[in-house]
Peer 1: 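Can you keep this structure in mind? I'll have questions shortly.
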Amino acid sequence: MLILVTGGAGYIGSHTCKALAQAGLTPLVLDNFSTGHPWAVQWGEALTGDLADREWLQAVFQNYDIQAVIHCAASIEAGESMQYPAKYYRNNFVNTLNLLEAMVSSGVKTCIFSSTCAIYGEPQWLPLTENHPQNPVNPYGESKRAIERALHWFSHAYGLRYGALRYFNAAGADLDGALGECHDPETHLIPRILFSLLGGEPVPIFGTDYDTPDGTAVRDFIHVTDLAQAHVRALDHVQNQQANLTVNLGTGRGYSVRQVITTVEQVTGQRVPVREMGRRPGDAPMLVADVSLAKALFNWQPQYSDLPTIVETAWHWHRKTYAKVE
Ligand SMILES: NC(=O)c1ccc[n+]([C@@H]2O[C@H](COP(=O)([O-])OP(=O)(O)OC[C@H]3O[C@@H](n4cnc5c(N)ncnc54)[C@H](O)[C@@H]3O)[C@@H](O)[C@H]2O)c1
């Protein structure tokens, strides 16, 4: 079964391609390589092109016998989206409409979508359940919410079946060391910490006076391999049950920035240089997922998401690959 993975050369998309291949499915990567990497395409063919190119997209669906789509491609920086909202509406929302229209016109009925906990905004309760009110505090989160609504209405209009997967903080690297996290600029906490140990800048800690146990922000880190495997489960569920789903993907456990730094120090045996800074606008003190729905619906359970495993796999990949990456 051929599965089109948009953004398949990116961090989560490439790990998802590996999980698909391991499950006996064939990934077909569609990527414009704006933030993705040729070295990350190790499972399946790569088609280089942009979701903005509607004619090319239609041709892709005509030329390949695509059974389902996993849609990871997006612009992903919440901070940047505050400066350039149009980029986020265009690349995330408008280009997703292009994709969905191409799917509809070629009869492809299943879409698994990379959504985000950023659609919730400031938590009104914790852990965050899927029925939590949606008040995104940046255009990135807004663009993802708009896509979820579009999926709903495309399902209504055309019988599209979708899985909206609301990721919390993806982290870690492939267990075999074949893939890892490589964003430029890197804004995610764990790779930033690791780069600081590989000669980079001290790690900024944004906010040390939150109402959390140690004053730093708390996040729910999910190992990228667990996340990738959830796509395979969700795809199977949506196709076999012919039912849409919207689920959180996290662990249900939060770690503070300081706890992450301490774990990195324990795993690497090195002291992490830090720089304490003020809070960033829009950063919630704590974001933790309620993951009972994903467990109940498709029997998914994170296996590799304890913090030491996340840090060990990421450190292994960063040390091995850092010098080779562009
Ligand atoms: N990384 C996280 O912690 C996290 C958390 C929540 C949600 N997400 C979502 O997961 C998805 C993947 O994130 P990631 O961390 O792997 O990011 P990434 O930047 O590594 O991957 C995105 C990929 O999409 C490609 N792309 C972007 N725009 C494109 C376009 N118009 N046409 C074709 N390809 C395009 C990029 O080249 C890249 O390969 C995104 O949708 C993101 O919003 C990520």
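Just so you know, ligand 1 is whichever comes first in the structure, and atom 1 is the first atom listed for that ligand. In what follows, every heavy atom counts, from backbone to side chain, and hydrogens, waters and symmetry copies are set aside.
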Peer 1: Compare all side-chain heavy atoms of P302 with those of I222 and state whether any distance is below 4.5 angstrom.
Peer 2: yes
Peer 1: Would you call E201 and R275 a salt bridge, using N to O less than 4.0 angstrom?
Peer 2: no
Peer 1: Go through ligand 1 atom by atom and flag the ones less than 4.0 Å from a non-hydrogen atom of C72.
Peer 2: 11 (C), 12 (C), 40 (C), 41 (O)
Peer 1: With the threshold set at under 4.0 angstrom, would you say S75 reaches ligand 1 through any of its heavy atoms?
Peer 2: no
Peer 1: Looking only at non-hydrogen atoms, which of T96, I12, T116, D184 approaches atom 4 (C) of ligand 1 most closely?
Peer 2: I12
Peer 1: Could R279 and Y210 be counted as a cation-pi pair, given that NZ or CZ must be under 6.0 Å from the ring centre and within 45° of the axis?
Peer 2: yes
Peer 1: In plain terms, say whether D236 and R233 are close enough for a salt bridge, that is, a side-chain N and a carboxylate O under 4.0 Å apart.
Peer 2: no
Peer 1: List ligand 1 atoms under 4.0 Å from S114, heavy atoms only on the residue side.
Peer 2: 9 (C), 10 (O), 11 (C), 41 (O)
Peer 1: Measure the distance from atom 20 (O) of ligand 1 to every protein heavy atom, then report the residue, atom name and distance (to 0.1 Å) of the closest one.
Peer 2: Y11 N, 2.9 Å
Peer 1: Students should be able to answer this: which protein heavy-atom is nearest to atom 21 (O) of ligand 1, and at what distance?
Peer 2: G10 CA, 3.5 Å
Peer 1: Give the atoms of ligand 1, by number and element, whose distance to some non-hydrogen atom of S115 is under 4.0 Å.
Peer 2: 6 (C), 7 (C)
Peer 1: Could you go through the side chain to side chain contact (heavy atoms under 4.5 Å, CB included) check for N135 and Y120 one step at a time?
Peer 2: CA-CA 5 Å; N135 298 303; Y120 296 121; over 6 Å; no
Peer 1: Starting from atom 5 (C) of ligand 1, locate the nearest protein heavy atom and write down its residue, its atom name and how far away it is, to 0.1 Å.
Peer 2: F168 O, 3.4 Å
Peer 1: Aromatic contact between Y167 and H231, with the criterion being ring centroids under 6.0 Å apart: yes or no?
Peer 2: yes
Peer 1: Should you measure from each heavy atom of A9, which atoms of ligand 1 turn up under 4.0 Å away?
Peer 2: 39 (O)
Peer 1: Is the Y11 ring parallel, tilted or perpendicular to the H183 ring (thresholds 30°, 60°)?
Peer 2: perpendicular
Peer 1: Tell me which protein heavy atom sits closest to atom 15 (O) of ligand 1, plus the residue, atom name and distance to 0.1 Å.
Peer 2: H183 NE2, 3.0 Å
Peer 1: Looking at non-hydrogen atoms alone, which of C182, A170, S14 comes nearest to atom 3 (O) of ligand 1?
Peer 2: A170
Peer 1: What about F93 and Y89, are their ring centers closer than 6.0 Å?
Peer 2: no
Peer 1: At under 4.0 Å between heavy atoms, is it the side chain or the backbone of N95 that contacts ligand 1, or both, or neither?
Peer 2: side chain
Peer 1: Give the atoms of ligand 1, by number and element, whose distance to some non-hydrogen atom of F33 is under 4.0 Å.
Peer 2: 37 (O)
Peer 1: Is the CE atom of M286 crowded by more than 12 outside heavy atoms at less than 6.0 Å?
Peer 2: yes
Peer 1: Would you check the N or O atoms of A73, main chain and side chain alike, for any that come under 3.5 Å of an N or O of ligand 1?
Peer 2: no
Peer 1: What is the nearest protein non-hydrogen atom to atom 41 (O) of ligand 1, stated with its residue, atom name and distance?
Peer 2: K144 NZ, 2.7 Å
Peer 1: Please check if atom CZ in R90 has more than 12 non-hydrogen atoms from other residues, nucleotides or ligands closer than 6.0 Å.
Peer 2: no
Peer 1: Can you tell me the protein heavy atom closest to atom 38 (C) of ligand 1 and the distance?
Peer 2: T35 OG1, 3.1 Å
Peer 1: With atoms numbered from 1 as shown, which atoms in ligand 1 lie under 4.0 angstrom from a non-hydrogen atom of I76?
Peer 2: 13 (O), 15 (O), 17 (O), 40 (C), 42 (C), 43 (O)
Peer 1: Just checking W315 against H318, ring centres under 6.0 Å apart?
Peer 2: no
Peer 1: Who's the nearest protein heavy-atom neighbour of atom 8 (N) of ligand 1, and how far?
Peer 2: Y167 CD1, 3.4 Å
Peer 1: Heavy-atom contacts with G36 under 4.0 Å: which atoms of ligand 1 show up? List them by number with element.
Peer 2: 36 (C), 37 (O), 38 (C), 39 (O)
Peer 1: Note the single closest protein heavy atom to atom 31 (N) of ligand 1, along with its residue, its atom name and the distance in Å.
Peer 2: N91 OD1, 2.7 Å
Peer 1: Who's closest to atom 27 (C) of ligand 1 heavy-atom-wise, of G250, A74, G7?
Peer 2: A74
Peer 1: Please work out whether the ring planes of Y140 and Y88 are parallel, tilted or perpendicular, with thresholds of 30° and 60°.
Peer 2: perpendicular
Peer 1: When you measure from atom 26 (N) of ligand 1 to each heavy atom in N32, N98, D53, L227, which option holds the nearest one?
Peer 2: N32
Peer 1: Could you go step by step and tell me if K87 and E80 meet the side chain to side chain contact (heavy atoms under 4.5 Å, CB included) rule?
Peer 2: CA-CA 9 Å; K87 172 178 174 181; E80 184 194 53; 3.1 Å; yes
Peer 1: In ligand 1, which numbered atoms sit nearer than 4.0 Å to a non-hydrogen atom of D50?
Peer 2: 30 (C), 31 (N), 32 (N)
Peer 1: Should the ring pair F154 and Y158 be called parallel, tilted or perpendicular, given that the plane angle runs from 0 to 90° and is split at 30 and 60?
Peer 2: tilted
